[in-house]
Amino acid sequence: MRRRLYSLLLIGLLAALPACAGSVLGGQARCTGSTALITQVSGECERTIESLSEAETQRIAVQTTDVVPHATVDFQVSVDRGQVRITFVDSQGDTQSEEAAPGSPASGSVRVQLDPLNQIKFDLEPVGGEAEGVEYHLTFLCDCMP
């Protein structure tokens, strides 16, 4: 009984520690995060993909105690060669897409609902063949408890 209690306390403490720092995990993206006020987590992520030959889903995990909260995401995508489409599903369930071409980056803002694993998800898809030098940069503000 005592061992189980200690285990539960340790798990609770470990789960709470990263939340205080506004932890954001971006898989292969470089991300930073922080707690903004007491009810918001903010973050910034960027990634460069040398070659994109098929659609890839990108995932940004937000450390929060809330279940499926909302976030406002500002994004920019650029590409050196080819074209790329970035697609989000907004908080209303509607799809929002923008396309980037060399010298013409895609940018915008979208309000999304995090998935059940508290991830911001979006798709990057090459248009008309392989794309090279794909780079994205996004910032977000999650209306969620850290």
Side-chain angles (χ1 to χ4, degrees), residues 7-146:
S7 294
L8 289 173
L9 285 172
L10 181 61
I11 289 170
L13 287 173
L14 290 175
L17 285 177
C20 295
S23 182
V24 178
L25 305 172
Q28 295 178 2
R30 291 180 308 277
C31 295
T32 59
S34 64
T35 301
L37 304 174
I38 204 158
T39 59
Q40 297 175 326
V41 174
S42 65
E44 183 172 359
C45 297
E46 58 185 33
R47 180 179 180 200
T48 300
I49 302 170
E50 295 206 18
S51 178
L52 185 67
S53 58
E54 60 185 33
E56 284 187 17
T57 299
Q58 308 295 305
R59 293 172 172 83
I60 308 297
V62 180
Q63 180 92 29
T64 176
T65 56
D66 287 347
V67 178
V68 293
H70 290 82
T72 301
V73 179
D74 296 318
F75 62 90
Q76 182 168 4
V77 179
S78 61
V79 61
D80 292 337
R81 189 176 72 79
Q83 286 186 285
V84 173
R85 179 180 301 122
I86 182 170
T87 303
F88 287 90
V89 176
D90 70 18
S91 60
Q92 303 298 314
D94 298 325
T95 300
Q96 179 175 330
S97 297
E98 299 288 335
E99 289 189 13
S104 181
S107 62
S109 184
V110 63
R111 182 114 171 114
V112 299
Q113 185 170 22
L114 278 61
D115 73 3
L117 297 175
N118 286 335
Q119 299 178 109
I120 297 169
K121 292 191 329 187
F122 59 96
D123 293 325
L124 290 175
E125 177 184 8
V127 177
E130 186 175 62
E132 294 181 358
V134 178
E135 186 174 323
Y136 70 78
H137 180 264
L138 62 87
T139 58
F140 69 87
L141 184 61
C142 179
D143 300 322
C144 54
M145 296 294 287

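The analysis underlying the following values was restricted to heavy atoms, covering all of them including side chains, and did not include hydrogens, waters or symmetry mates. The residues of the chain are indexed from 1 along the displayed sequence.
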Measure across [X] and [Y] and return the closest heavy-atom pair with its distance rounded to 0.1 Å.
{"X": "Q63", "Y": "V41", "result": "O-CG2, 4.1 Å"}
{"X": "E98", "Y": "F75", "result": "CG-CZ, 3.9 Å"}
{"X": "D66", "Y": "D143", "result": "OD2-O, 4.0 Å"}
{"X": "V79", "Y": "E132", "result": "CG2-O, 3.3 Å"}
{"X": "A131", "Y": "P126", "result": "N-CB, 4.2 Å"}
{"X": "V84", "Y": "V127", "result": "C-CG2, 4.3 Å"}

Approximate separation, where rounding is to 0.5 Å, of [X] [atom1] and [Y] [atom2]:
{"X": "S91", "Y": "H70", "atom1": "OG", "atom2": "NE2", "result": "4.5 Å"}
{"X": "Q76", "Y": "L138", "atom1": "CD", "atom2": "CG", "result": "11.0 Å"}
{"X": "R59", "Y": "L117", "atom1": "CZ", "atom2": "CG", "result": "9.0 Å"}
{"X": "Y136", "Y": "I86", "atom1": "OH", "atom2": "CD1", "result": "8.5 Å"}
{"X": "H137", "Y": "C45", "atom1": "NE2", "atom2": "SG", "result": "8.5 Å"}
{"X": "D80", "Y": "E50", "atom1": "CG", "atom2": "CD", "result": "10.0 Å"}

Just checking, is any N or O donor in the side chain of [X] or [Y] under 3.5 Å from an acceptor N or O on the other one?
{"X": "T64", "Y": "N118", "result": "no"}
{"X": "T57", "Y": "D123", "result": "yes"}
{"X": "E125", "Y": "T87", "result": "no"}

Please examine the side chains of [Y] and [X], heavy atoms only from C-beta on, and report whether any two atoms are closer than 4.5 Å.
{"X": "F122", "Y": "V89", "result": "no"}
{"X": "P116", "Y": "V67", "result": "no"}
{"X": "I120", "Y": "L114", "result": "yes"}

List the steps and the verdict of side-chain contact (heavy atoms from CB on, under 4.5 Å) for V134 and R47.
CA-CA 8 Å; V134 178; R47 180 179 180 200; over 6 Å; no
Begin from the C-alpha positions of T95 and F88 and carry the test side-chain contact (heavy atoms from CB on, under 4.5 Å) through to its verdict.
CA-CA 6 Å; T95 300; F88 287 90; over 6 Å; no
Evaluate the side-chain contact (heavy atoms from CB on, under 4.5 Å) criterion for residues R30 and E44: first the C-alpha distance (whole Å), next the side-chain angles of each, then the deciding distance (0.1 Å), finally the verdict.
CA-CA 8 Å; R30 291 180 308 277; E44 183 172 359; over 6 Å; no
Charged N to carboxylate O under 4.0 angstrom, R111 versus D94?
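No.
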Give the intermediate values and the outcome of side-chain contact (heavy atoms from CB on, under 4.5 Å) for residues C31 and I60.
CA-CA 8 Å; C31 295; I60 308 297; 4.1 Å; yes
